[in-house]
Amino acid sequence: MKGAFLIKPYNIEIREIEKPEIKNKEDVLIRIKSVGVCGSDIHYYKEGRIGDFIVKEPLILGHESAGIVEKVGKEVKNLKEGDKVAIEPGIPCRKCDYCKEGRYNLCPDVIFFATPPIHGTFCEYIVHPSDFVYRIPENLSLDEATLIEPFSVGIHACNLINLKPGEKVIVSGLGPVGLLTSLSAKIYGAIVYGIEKSEKRIEFAKGFGLEDIFDTKKIETKEIKNILPEKVDVVFECSGYSGLIEETIYWVKRGGKIVFIGLGTDFVNLNISKIINDELKISGIFRYVNTYKKAIEIINKNKINLKPLISKNFPLTDIKEALEYPNKNPDCIKVIVNP
Ligand SMILES: [Zn+2]
Ligand SMILES: [Zn+2]
């Protein structure tokens with residue numbers, strides 16, 4: 001089978017490798033059909049590392065994946081050959097305190113696609129434990145099913161702060177994660193405002209039923225606090241841009257909550273006395289936990305059309321173009337690779 005290996009920054013090679021085989025009775029063999037290009041893939045492609053995770057050996061990127069079950073292990077009960085599936089990319093140890101408490105996203109021994117040295121899914125086949133593989137409805141395309149991964153981030157963010165109906169929310173940065181976080185918050189019954197600078201994304205986000213979207217091309221980020229119709233209960237910061245991160249504390253009410261989702265900068269200036277005086281609750285989120293099944297159900301029951309989020313498709317042989325497309329086309333939302 002073919003796999004796309006990142007050799008060093010900007011250098012990707014399609015190599016012929018052995019097709020994986022089922023070794024564990026609870027595993028399934030999946031023919032990968034669609035993989036979303038994530039910001040993290042692009043980061044590895046350009047820098048060869050994210051923080052402490054360094055690509056030392058050739059690595060297959062890709063973790064937002066969907067495919068078709070080709071073969072199931074003897075003990076697999078939830079899936080059968082031919083099922084269309086979405087694949088949750090992280091396999092936790094199942095034994096540590098975090099795993100036992102149901103917070104397996106924090107498991108220190110999690111094995112996660114495309115995080116060195118674990119290969120991802122820009123390839124034709126993978127073998128995966130069946131309980132991290134989820135059947136999707138017939139009417140959901142495999143391309144759309146890749147979006148369950150970023151949608152999971154949004155659902156996890158809403159779960160983590162116990163978002164309630166009627167609460168007011170700002171989502172800053174309306175890329176794929178920001179848009180899908182807005183969608184999650186809407187489904188949880190929140191009233192959602194957006195902040196974004198790309199005209200196309202703003203145009204697109206209007207279709208998500210946001211209350212209002214503030215265009216940071218026209219408004220200084222520092223001005224946003226002055227033009228908000230009211231202070232909000234929650235901010236989901238998805239841009240990762242320090243200028244916005246530093247402003248979030250002025251958008252929430254006293255006792256409000258801020259969740260940092262977007263990665264972009266390691267250090268920012270935050271007004272600590274404001275945080276203390278307003279008793280703000282600030283948290284980060286790391287990936288997601290127990291969201292895949294819910295996400296599939298939400299998409300199915302609400303008949304959510306995710307197709308418009310997909311900007312362009314590429315075959316595996318054009319992976320280099322696929323990884324470079326989003327930076328060359330900043331208005332694009334999601335690029336999909338079809339191995
Ligand atoms: Zn991702
Ligand atoms: Zn664990």
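Computed from heavy atoms alone, side chains included, the values below leave out hydrogens, waters and symmetry copies. Nothing fancy with the numbering, it's 1 onward along the sequence. Just so you know, ligand 1 is whichever comes first in the structure, and atom 1 is the first atom listed for that ligand.
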Q. Roughly how far, to the nearest 0.5 Å, is CG of Leu306 from CD1 of Ile304?
A. 6.5 Å
Q: Round to 10° and report the angle made at the Zn ion (ligand 1) by OE2 of Glu64 and NE2 of His63.
A: 110°
**Q.** Residues Lys206, Asp212: salt bridge by 4.0 Å N-O rule
**A.** no
(Q) If I take the Zn ion (ligand 2) as the centre, what angle separates the SG atom of Cys107 from the SG atom of Cys96? Nearest 10 degrees is fine. (A) 110°
Q) Only one of Asp233, Leu280, Ile170, Val169 forms a side-chain contact (heavy atoms from CB on, under 4.5 Å) with Val252, so which one is it? A) Leu280
(Q) Check whether Tyr44 forms a cation-pi arrangement with Arg49 (NZ or CZ under 6.0 Å from the six-membered ring centre, at most 45° off the ring normal). (A) no
Q: Give the atom name of whichever N/O/S atom in Glu149 sits closest to the Zn ion (ligand 1).
A: OE1
Q | Opening angle at the Zn ion (ligand 2) [SG, Cys99; SG, Cys93; to 10 degrees] | A | 110°
